[in-house]
Amino acid sequence: MHDIDHNAPEGFPTQKEQVLNDFRHFSSQRLCNYSKSRNFDTGYPHANVSKLSPYLRRRLVSENEVLQIALEKNSISSLEKFIQEIFWRTYWRGWLELRPDVYEDYENGYDGSHLPDKTGIKCFDHWTEELIETGYLHNHARMWYASIWIFTLGKSWLSGANFFKDHLVDWCPASNTLGWRWVAGLQTRGKIYVAKADNIKLFTNEKFFPKGELNENPFFNEDLWKTYERASDISYVKPNLNACEDTGVIINKNDLTLNQYLSKEQIILKGCIFHDPEYQSSKSDFVNKFDSDLIENLRSDLPSFEFCQTKKAVLKWAKSEKLKYLIFPYETVGNKYFMTSDFINELRNQNIEAIFYMRDWDKYAFPFANKGFFPFKKNISDLLFKNGIS
Ligand SMILES: Cc1cc2nc3c(=O)[nH]c(=O)nc-3n(C[C@H](O)[C@H](O)[C@H](O)COP(=O)(O)OP(=O)(O)OC[C@H]3O[C@@H](n4cnc5c(N)ncnc54)[C@H](O)[C@@H]3O)c2cc1C
């Protein structure tokens, strides 16, 4: 089924060094053409885009790291589009953080996740298969797919978002939920994204041309519209870690390198790698294998770190290490796991204070995600400067 491009890495490696090496290659060979070529879905293995999303989502690599590497071989002005894309995800995360009700409604409206039947629309069936087999779809294919799902097949955006949630190796609560809402016309009232046969033909290099098969004149269902109030600003106060003794750090799929990030604070940390294989049990085999391979690699890279799979095991470890403070990656909307009053109180009962740590990248950017992406992006050069990228 796949068109093989021998210049692009296959699949998704699970060693950080390999990921960075692949990106260095991409940065020196492909990034200069990114703005012109990024919209083309050239098929697996998608040599024209970075395929960094599974790593950025888990922060195996950070936005700062990626941009520093990109700047080794490219000027900042030539990277404008790529930098904006990196900030799109930050923007979606900040936007959702300010409107948690949007995610709550998505979760409460859960109407199942199922594999779509064969539809006879060749491109759509191909993308279904590609997503299941490879855990990934090109951004343009995600837009066409969501549009066909909603407007040609008449399915709910919620069920589509759930299908992606189980199968995307880069699943991010903000980018996925808001990506589907954007296509459905729910981000800007009634502004729907319509997949058109001519556009698919052009941007798949004529591989697909579903002429006459798509509903190219759909209408927006006003009944789905709901206005959400923006929550008050994000009240995150950066903890003073220098004052913390007997401190532990948890790394998990919200931030797999928080220990490295905190090492610049020069405090001695006891570490724990956390992975609950039972959490979100509907994930595809592909995604589960990717996650467990990542964790296995981390365990061999960090032999002094404890490995825990349940909250109970974390409590036991923290107690046995006589920790006073336990740092977790900050849990944004859609990622809550440890950040619950029950668990925080359980720690407190053992005289351990939980600290949920937000990286500067998010802390600086989230407050600007209060309106649309256009006003947000005006802050990008200031944000780069604050993050030491220039
Ligand atoms: C319906 C739908 C669902 C989506 N679901 C997700 C999701 O669950 N997780 C996810 O990370 N992205 C999601 N996206 C956004 C986008 O499709 C992916 O981030 C991108 O395809 C990842 O491939 P890449 O790393 O090669 O991107 P590149 O083009 O190389 O971009 C570099 C990085 O910028 C960010 N980025 C690029 N495009 C977007 C975008 N449109 N929105 C937000 N961030 C972007 C990603 O972090 C990406 O890794 C979704 C888009 C749509 C339309």
Side-chain angles (χ1 to χ4, degrees), residues 8-9 11-12 19 22-23 26-27 30-31 33-63 65-67 69-70 79-96 103 106 127 130-131 134-151 155 157-187 192-195 253 280 283-284 287 332 334-335 361-362 365 369 373 376-377 380:
F12 290 100
V19 175
D22 289 346
F23 182 65
F26 178 82
S27 171
R30 303 271 180 171
L31 211 43
N33 288 325
Y34 178 81
S35 61
K36 280 194 207 120
S37 68
R38 61 176 277 274
N39 272 327
F40 286 86
D41 179 351
T42 55
Y44 181 89
H46 300 286
N48 57 334
V49 284
S50 72
K51 295 201 345 191
L52 281 173
S53 47
Y55 313 107
L56 288 167
R57 188 267 175 267
R58 294 168 178 79
R59 283 225 163 100
L60 184 71
V61 299
S62 69
E63 293 84 346
E65 245 173 329
V66 164
L67 294 181
I69 293 174
L79 289 179
E80 190 183 348
K81 194 73 210 166
F82 183 70
I83 293 173
Q84 271 177 25
E85 293 307 317
I86 294 280
F87 273 105
W88 252 110
R89 178 162 174 269
T90 310
Y91 166 74
W92 279 144
R93 292 170 62 240
W95 192 94
L96 196 61
Y103 196 75
Y106 159 64
W127 291 320
E130 182 178 0
L131 175 57
T134 71
Y136 180 86
L137 283 182
H138 182 273
N139 180 59
H140 222 158
R142 295 182 201 205
M143 290 158 60
W144 295 318
Y145 194 92
S147 179
I148 296 169
W149 181 287
I150 300 167
F151 300 115
K155 294 160 173 275
W157 74 268
L158 296 158
S159 61
N162 289 332
F163 172 57
F164 271 25
K165 179 178 178 183
D166 289 343
H167 291 273
L168 278 177
V169 71
D170 61 17
W171 178 72
C172 154
S175 305
N176 188 54
T177 313
L178 302 181
W180 277 87
R181 281 175 49 87
W182 179 83
V183 170
L186 297 170
Q187 284 301 110
I192 56 182
Y193 174 77
V194 184
K253 66 178 164 189
Q280 295 180 334
K283 293 277 176 198
S284 71
V287 176
T332 48
N335 288 313
W361 182 273
D362 298 337
F373 185 70
F376 175 87
K377 90 179 176 187
I380 288 180

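Both ligands and their constituent atoms are indexed starting at 1 by order of listing. Keep in mind it's a predicted model, so treat the numbers as computed, not measured.
- Ligand 1 has K51 within reach: a non-hydrogen atom of the residue lies less than 4.0 Å from it.
- In terms of protein heavy-atom proximity, atom 17 (O) of ligand 1 is closest to N139 OD1, 2.8 Å.
- For atom 19 (O) of ligand 1, the nearest non-hydrogen atom of the protein is S53 CB, 4.2 Å.
- Nearest to atom 5 (N) of ligand 1 by heavy-atom distance, out of I86, L178, N176, D170, is N176.
- The closest side-chain donor-acceptor pair between D41 and W127 falls under 3.5 angstrom.
- Interface of W180 with ligand 1, defined as ligand atoms under 4.0 Å from a residue heavy atom, comprises 1 (C).
- Using a 3.5 Å distance cut-off with no hydrogens or angles, the side chains of N335 and R57 do pair a donor with an acceptor.
- Close to ligand 1: M143, with a non-hydrogen atom less than 4.0 angstrom away.
- For the residues Y34, F82, Y145, the heavy atom positioned nearest atom 28 (P) of ligand 1 is part of Y34.
- Closest to atom 27 (O) of ligand 1, if we only count protein heavy atoms, is S50 OG, 4.2 Å.
- The one candidate from W95, Y106, W88 that meets the side chain to side chain contact (heavy atoms under 4.5 Å, CB included) condition with L178 is W95.
- The shortest N/O to N/O separation between W88 and ligand 1 does not fall below 3.5 Å.
- Of the options K81, E85, R142, the smallest heavy-atom separation from atom 18 (C) of ligand 1 is shown by R142.
- Distances below 4.0 Å separate heavy atoms of W171 from the following atoms of ligand 1: 8 (O).
- With Y145 as the aromatic partner, K155 does not meet the cation-pi criteria of under 6.0 angstrom to the ring centre and within 45 degrees of the ring axis.
- Ionic pairing of E85 and R89 is not present here: no N-O contact between side-chain nitrogen and carboxylate oxygen is shorter than 4.0 angstrom.
- Here the heavy atom of the protein found nearest to atom 8 (O) of ligand 1 is C172 N, 3.0 Å.
- Side-chain N/O atoms of N48 and S37 include no donor and acceptor closer than 3.5 Å.
- Comparing G179, S175, A141, A184 against atom 12 (N) of ligand 1, the shortest heavy-atom distance belongs to S175.
- Closest protein heavy atom to atom 47 (O) of ligand 1: L56 CD1, 3.6 Å.
- Checked by distance only, ligand 1 and V183 stay at 3.5 Å or farther apart across all their nitrogen or oxygen atoms.
- Here the heavy atom of the protein found nearest to atom 23 (O) of ligand 1 is Y136 OH, 2.9 Å.
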